[in-house]
Amino acid sequence: MSTNPNNKKIVIAVDGFSSCGKSTFAKMVAARLGYIFIDTGAMYRAVTLYALEHGAFTNGILNEEMLVGMLDDIHIDFRFNPERGASDIYVGGEWVEGKIRTIEVSNLVSAVSAVGEVRKRLVAMQQRMGRDKGVVMDGRDIGTVVFPDAELKIFMTADPEVRAERRYLELSAKGEEVSREEIVENIRQRDHLDQNRAISPLRKADDAVVLDNGGMTLEEEMEWFDKVFASV
Ligand code: DC
């Protein structure tokens with residue numbers, strides 16, 4: 001187990017591109033330190049699912065006003081799932097883990113995450129969840145907006161082809177019928193939209209350390225983390 005010299009609980013922000021393995025990495029780090037892992041992408045996905053199921057999309061086009069009008073009715077919470085060693089996300093008490101990671105939601109989530117009012121609410125919720133520290137939070141704006149004072153910021157990246165292959169294997173294993181081309185296209189689009197949206201675009205915080213995990217095994221990623229953590 002890693003210990004940092006002060007043994008004080010800290011906030012660890014893990015940001016980066018889609019399908020970089022941020023969640024896997026963040027989850028392992030949290031388990032290693034006995035910290036809470038929070039997947040903020042799941043929150044944007046959960047809002048997207050709700051919008052989709054409540055008619056805020058017509059032919060893939062988001063009715064922003066309608067979505068903003070729904071926000072008071074969207075109740076998100078996380079509940080620890082010992083089998084996964086992480087928390088599952090619920091909307092209005094319904095377990096939605098299975099529904100939020102489909103290609104359909106992946107294709108619509110960028111539009112929802114570009115809406116200022118959505119970000120404002122989810123960021124406030126994330127800040128509450130990390131108030132007592134001892135959290136590893138993964139997302140796009142954790143080190144820049146949610147916790148600009150996080151003691152450790154990690155920015156993850158890998159080649160788009162490597163990321164697409166990982167996502168393809170993940171979705172195929174779940175039985176979702178999807179082509180490699182569709183996934184590459186989705187990742188390209190999300191990279192573009194994440195980096196170019198007007199509010200809180202994806203960018204590396206100046207004080208973040210970069211982890212390019214393209215050719216790395218999980219074990220190597222953890223060795224890398226141990227070294228970085230020891231120097232905090
Ligand atoms: O990490 P993910 O792929 O599950 O995230 C889904 C989408 O949510 C992603 O396309 C961008 C958005 N997102 C965001 O805008 N800010 C975050 N902190 C986390 C995710």
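Order of appearance sets the numbers: ligands from 1, and atoms from 1 within every ligand.
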Original post:
Mind checking whether Gln126 has a heavy atom under 4.0 Å from ligand 1?
Top reply: no

**OP:** Mind checking whether Asp194 contacts ligand 1 via backbone (N, CA, C, O), side chain (CB onward), both or neither, at a 4.0 Å heavy-atom cut-off?
**Re:** side chain

Original post:
With a cut-off of under 6.0 Å to the ring centre and 45° to the axis, is Arg32 in cation-pi contact with Phe225?
Top reply: no

Subject >> N or O contact, Ser18 vs ligand 1, cut-off under 3.5 Å >> reply: no

Original post:
Can any side-chain N or O of His54 pair as donor or acceptor with the backbone N or O of Tyr50 at less than 3.5 Å?
Top reply: yes

Original post:
Where does Arg197 meet ligand 1, judged by heavy-atom distances below 4.0 Å: at the side chain, the backbone, both, or neither?
Top reply: side chain

**OP:** Please check if any side-chain donor atom of Ser113 sits under 3.5 Å from a side-chain acceptor atom of Arg140, or the reverse.
**Re:** no

Original post:
When you look for heavy atoms under 4.0 Å from ligand 1, do you find them on the side chain of Met43, its backbone, both, or neither?
Top reply: neither

**OP:** Please report which non-hydrogen protein atom sits nearest to atom 8 (O) of ligand 1, along with the residue it belongs to and the distance in Å to one decimal place.
**Re:** Tyr44 CB, 3.6 Å

Original post:
Is the shortest distance from a Lys or Arg side-chain nitrogen in Arg203 or Asp194 to a carboxylate oxygen in the other one below 4.0 Å?
Top reply: no

Original post:
Can you tell if the side chain of Val29 reaches within under 4.5 Å of the side chain of Ile12, non-hydrogen atoms only?
Top reply: yes

Subject >> side-chain hydrogen bond (donor to acceptor under 3.5 Å, both in side chains), paired with Asn186, selected from Glu182, Arg188, Arg190, Gln189 >> reply: Arg190

Original post:
Can you name the one residue among Arg167, Glu170, Arg163 that meets side-chain hydrogen bond (donor to acceptor under 3.5 Å, both in side chains) with Ser19?
Top reply: Arg167

**OP:** Starting from atom 4 (O) of ligand 1, locate the nearest protein heavy atom and write down its residue, its atom name and how far away it is, to 0.1 Å.
**Re:** Arg45 NE, 2.7 Å

Original post:
Could an N or O of ligand 1 be found under 3.5 Å from any N or O of Arg101, whether backbone or side chain?
Top reply: no

Subject >> atom 9 (C) of ligand 1: the protein heavy-atom neighbour that sits closest, reported with distance to 0.1 Å >> reply: Arg140 NH2, 3.2 Å

Subject >> Protein heavy atom at shortest distance from atom 19 (C) of ligand 1 >> reply: Thr40 OG1, 3.4 Å

Original post:
So between Val146, Asp141, Asp191, whose heavy atom ends up nearest atom 18 (N) of ligand 1?
Top reply: Asp141

Original post:
So which bit of Arg190 gets within less than 4.0 Å of ligand 1, heavy atoms only: side chain, backbone, both or neither?
Top reply: side chain

**OP:** Go through Glu151 and Lys133 one step at a time and tell me if the salt bridge (charged side-chain N to carboxylate O under 4.0 Å, His left out) criterion holds.
**Re:** CA-CA 10 Å; Glu151 290 85 349; Lys133 307 212 173 193; 2.5 Å; yes

Subject >> Exercise: do Asp212 and Thr157 side chains pair donor with acceptor under 3.5 Å >> reply: no

Original post:
Hey, which atoms in ligand 1 end up nearer than 4.0 Å to a heavy atom of Ser113?
Top reply: 12 (C), 15 (O)

Original post:
Under 3.5 Å between some N or O of ligand 1 and some N or O of Arg119?
Top reply: yes

**OP:** Would you mind checking if Arg101 and Glu176 are paired as a salt bridge, meaning a charged N to carboxylate O distance below 4.0 Å?
**Re:** no

**OP:** Taking only heavy atoms of Val109 into account, list the atoms of ligand 1 that are under 4.0 Å away from them.
**Re:** 7 (C), 8 (O), 10 (O)

